[in-house]
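So the structure is just underneath, and the comments pick up after that.
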Amino acid sequence: VQLQASGGGLVQPGGSLRLSCAASGTIFSINVMGWYRQAPGQQRESVATIRGDGTTTYADSVKGRFTISRDNSKKTVYLQMNSLKPEDTAVYYCWSDRVLRTGLIYDYDLWGQGTLVTVSS
C-alpha cells in the first residue's frame with residue numbers, strides 16, 4: 001500500500017490550495033486518514049484527521065481555515081486550505097493509521113512522500 005500526495009505549490013498569503021492523497025494497492029478499507037506538516041527546523045505536527053465515518057479533528061492553528069474530507073470509493077483524502085498564512089509553509093504529509101488489505105492483512109502507520117506548500121508574497 002502506498003500513499004501518494006499531490007497539490008502543493010507556491011501561493012500568496014490569503015490564497016488557497018487543495019491537497020490530495022490517494023492510497024494505492026489492494027485495499028479493502030482505510031481507518032483514519034490525515035495530514036501532518038513539518039516546517040523547517042520544527043517537529044512534525046498533526047494538521048487534521050478524518051475517520052471512516054467522517055469524524056474530523058483539526059489543529060487549533062488551522063480551525064476555520066482548513067477542511068479535511070475523504071472519498072472512500074476513491075481511497076483519497078483531501079485538505080482544502082483557505083486563508084493561507086506564511087506560517088502554514090511546510091512539507092505536508094498524508095498519513096493513515098491502519099489499512100486493511102485483501103487477505104485480511106493490516107498495514108499500520110502509513111506515510112506519503114510529502115508535498116511542499118509555500119505561502120509567500
Side-chain angles (χ1 to χ4, degrees):
V1 175
Q2 290 187 329
L3 302 180
Q4 183 72 35
S6 61
L10 173 64
V11 63
Q12 292 186 342
S16 298
L17 277 177
R18 188 193 196 205
L19 306 182
S20 300
C21 177
S24 61
T26 53
I27 298 169
F28 181 73
S29 67
I30 305 174
N31 192 37
V32 181
M33 301 185 80
W35 291 92
Y36 282 69
R37 67 186 180 186
Q38 187 167 21
Q42 297 188 18
Q43 291 187 333
R44 191 173 297 188
E45 63 175 356
S46 176
V47 176
T49 65
I50 184 167
R51 303 186 68 87
D53 63 3
T55 303
T56 59
T57 67
Y58 293 94
D60 288 342
S61 59
V62 307
K63 282 181 180 177
R65 299 188 298 122
F66 291 10
T67 302
I68 189 170
S69 61
R70 63 191 282 174
D71 184 332
N72 291 328
S73 66
K74 295 182 179 179
K75 301 178 180 61
T76 300
V77 63
Y78 305 96
L79 186 68
Q80 178 65 44
M81 305 185 293
N82 298 328
S83 302
L84 282 160
K85 304 176 181 180
E87 51 263 44
D88 294 318
T89 296
V91 177
Y92 284 71
Y93 299 89
C94 60
W95 165 86
S96 175
D97 71 332
R98 189 180 74 221
V99 173
L100 176 60
R101 289 190 273 139
T102 54
L104 297 179
I105 299 171
Y106 285 99
D107 291 330
Y108 297 93
D109 197 31
L110 300 172
W111 291 90
Q113 86 285 7
T115 184
L116 177 63
V117 173
T118 304
V119 185
S120 175
S121 55

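Residue numbers count from 1 along this sequence.
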With sequence neighbours left out, the residues meeting side chain to side chain donor-acceptor pair (under 3.5 Å) with Q38 are none
Under a single-linkage definition using a 4.5 Å side-chain heavy-atom cutoff for Ile, Leu, Val, Met, Phe, Trp and Tyr, are V1 and I50 assigned to the same hydrophobic cluster?
yes
More than 12 heavy atoms from other groups under 6.0 Å of CD on E87
yes
Can Y78 be reached from Y93 by stepping across I, L, V, M, F, W or Y side chains whose heavy atoms are under 4.5 Å apart?
no
L79 and A48: which non-hydrogen atoms are nearest, and at how many Å?
CD1-CB, 4.3 Å
Give the cluster check for L100 versus Y108: same hydrophobic cluster or not, with ILVMFWY residues linked at side-chain heavy-atom distances below 4.5 Å.
yes
What residues, two or more places apart in sequence or in another chain, satisfy side-chain contact (heavy atoms from CB on, under 4.5 Å) together with T55?
R51, D53
Nearest-0.5 Å distance, OG of residue S96 to CZ of residue R70
7.5 Å
Does Q2 have any side-chain contact (heavy atoms from CB on, under 4.5 Å) partners at least two apart in sequence or in another chain, and if so, which?
S24
Answer whether the closest heavy-atom distance between the side chains of I68 and F66 falls below 4.5 Å.
no
Is it true that a side-chain atom of Q113 and a backbone atom of Q4 form a donor plus acceptor pair closer than 3.5 Å?
no
Under the ring pair (Phe, Tyr, Trp, His ring centres under 6.0 Å) test, which residues partner Y36, sequence neighbours left out?
W95, W111
Could you work out, with side chain to side chain donor-acceptor pair (under 3.5 Å) as the rule, every residue matching T76, not counting sequence neighbours?
none
Where D88 and Y92 come nearest, the two heavy atoms and their spacing
O-OH, 2.7 Å
Pairwise disulfide (SG to SG under 2.5 Å) hits with a residue in residues 65-121, at least two apart
C21-C94
Quick one: side-chain contact (heavy atoms from CB on, under 4.5 Å) partners of S120, sequence neighbours excluded?
L10, T118
Qualifying disulfide (SG to SG under 2.5 Å) pairs, either residue in residues 53-84, two or more places apart
none
Distance, nearest 0.5 Å, that separates CE of M81 from OG1 of T67:
11.0 Å
Review item, side-chain donor-acceptor pairs of residues 28-35, under 3.5 Å, at least two apart:
from, atom 1, to, atom 2, distance (Å)
N31, ND2, D97, OD1, 3.4
N31, ND2, D97, OD2, 2.9

Qualifying residues under side chain to side chain donor-acceptor pair (under 3.5 Å), relative to R101, sequence neighbours excluded:
D107
Per the side-chain hydrogen bond (donor to acceptor under 3.5 Å, both in side chains) rule, what does the pair list look like for residues 5-22, sequence neighbours excluded?
S16-N82
Answer yes if V11 and V91 sit in the same cluster of Ile, Leu, Val, Met, Phe, Trp and Tyr residues linked by side chain heavy atoms under 4.5 Å apart, and no otherwise.
no
By salt bridge (Lys or Arg N to Asp or Glu O under 4.0 Å) - contacts of D60 (at least two apart):
K63
I27 and K75 have their tightest heavy-atom pair at O-CE, 3.4 Å
Main chain of V119, side chain of T89: is a donor-acceptor contact present, judged purely on distance under 3.5 Å?
yes
